[in-house]
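See below for the structure under consideration.
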Amino acid sequence: MPSVTGQYAHPGQFLRHWVLPEREALGALAKRVGISRQSLSYILNERSGITPKVAEGIERELGVNKETLLAMDLAYRAQNKKKRATRQK
């Protein structure tokens with residue numbers, strides 16, 4: 001899903017801004033999703049991508065379609081790979 005700027009958003013950015021319960025502690029949510037608090041923090045802060053296992057946990061706990069999250073992650077990674085390749089030329 002391209003943003004207004006035409007660039008793809010990291011799934012962590014999408015989750016952080018549109019999905020996460022406002023007052024839920026990250027540790028509690030991470031436990032429900034089945035990952036560590038640090039892993040969830042890395043995703044939300046756009047330092048790590050979404051794996052199929054994490055996408056399933058997020059779908060189960062927050063109701064976000066796992067295929068959507070994985071497609072967002074793939075598009076974001078492809079966009080950044082293309083940017084890096086262009087810079088190296």
Side-chain angles (χ1 to χ4, degrees):
M1 290 179 237
S3 68
V4 176
T5 63
Q7 297 194 6
Y8 292 96
H10 187 279
Q13 178 185 17
F14 169 75
L15 291 169
R16 197 173 61 244
H17 289 288
W18 299 104
V19 178
L20 283 182
E22 235 178 79
R23 297 190 177 169
E24 183 164 10
L26 283 187
L29 178 59
K31 187 174 183 179
R32 290 188 5 236
V33 170
I35 60 176
S36 71
R37 185 206 55 78
Q38 185 174 21
S39 293
L40 181 58
S41 178
Y42 281 174
I43 292 167
L44 297 177
N45 290 304
E46 304 172 34
R47 292 189 207 143
S48 181
I50 300 274
T51 65
K53 176 189 171 214
V54 172
E56 286 178 13
I58 292 171
E59 180 179 57
R60 182 183 64 248
E61 296 301 323
L62 299 175
V64 179
N65 183 281
K66 66 183 176 187
E67 298 301 325
T68 299
L69 291 172
L70 293 170
M72 288 177 78
D73 191 66
L74 182 63
Y76 180 81
R77 288 177 193 230
Q79 167 185 274
N80 287 336
K81 185 176 182 179
K82 190 184 290 187
K83 281 182 186 177
R84 283 192 300 274
T86 302
R87 275 189 253 143
Q88 291 177 356
K89 288 184 180 182

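All values derive from a computational prediction rather than experimental measurement.
- In the hydrophobic clustering of this structure, Tyr76 does not group with Leu15; members are Ile, Leu, Val, Met, Phe, Trp, Tyr whose side-chain heavy atoms approach within less than 4.5 Å, directly or through other members.
- The two residues Ile50 and Leu70 have their closest heavy-atom pair at O-CD2, 3.7 Å.
- In this structure Arg77 satisfies the salt bridge (Lys or Arg N to Asp or Glu O under 4.0 Å) test together with Asp73, sequence neighbours excluded.
- At least one side-chain heavy atom of Gln7 sits less than 4.5 Å from a side-chain heavy atom of Gln79.
- The line from OG of Ser48 to CG of Leu40 is 10.0 Å long, rounded to the nearest 0.5 Å.
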Distance-only donor-acceptor hits, side chain of residues 53-61, under 3.5 Å, sequence neighbours excluded:
{"residue": "Lys53", "atom": "NZ", "partner": "Gly34", "partner atom": "O", "Å": "3.3"}
{"residue": "Glu59", "atom": "OE2", "partner": "Lys66", "partner atom": "N", "Å": "3.3"}
{"residue": "Arg60", "atom": "NH2", "partner": "Arg32", "partner atom": "O", "Å": "2.9"}
{"residue": "Arg60", "atom": "NH2", "partner": "Val33", "partner atom": "O", "Å": "3.4"}
{"residue": "Glu61", "atom": "OE1", "partner": "Arg32", "partner atom": "NE", "Å": "2.8"}
{"residue": "Glu61", "atom": "OE1", "partner": "Arg32", "partner atom": "NH2", "Å": "3.4"}

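- Ile35 is not listed as a side-chain neighbour of Thr51, based on a closest heavy-atom distance of 4.5 Å or more.
- Asn65 contributes a side-chain N or O that, together with a main-chain N or O of Glu67, makes up a donor-acceptor pair within less than 3.5 Å.
- Taken from CG in Leu74 to CE in Met72, the straight-line distance is 12.0 Å, to the nearest 0.5 Å.
- Here the straight-line distance linking atom CG of Asn45 with atom NE2 of His10 works out to 9.5 Å at 0.5 Å rounding.
- Heavy-atom minimum distance, Tyr8 versus Ala75: CD2-CB, 3.6 Å.
- The side chain to side chain donor-acceptor pair (under 3.5 Å) search around Arg16 returns Glu46, not counting sequence neighbours.
- Residue Phe14 is grouped with residue Leu26 when hydrophobic side chains (ILVMFWY) are merged at heavy-atom distances under 4.5 angstrom, including chains of intermediate members.
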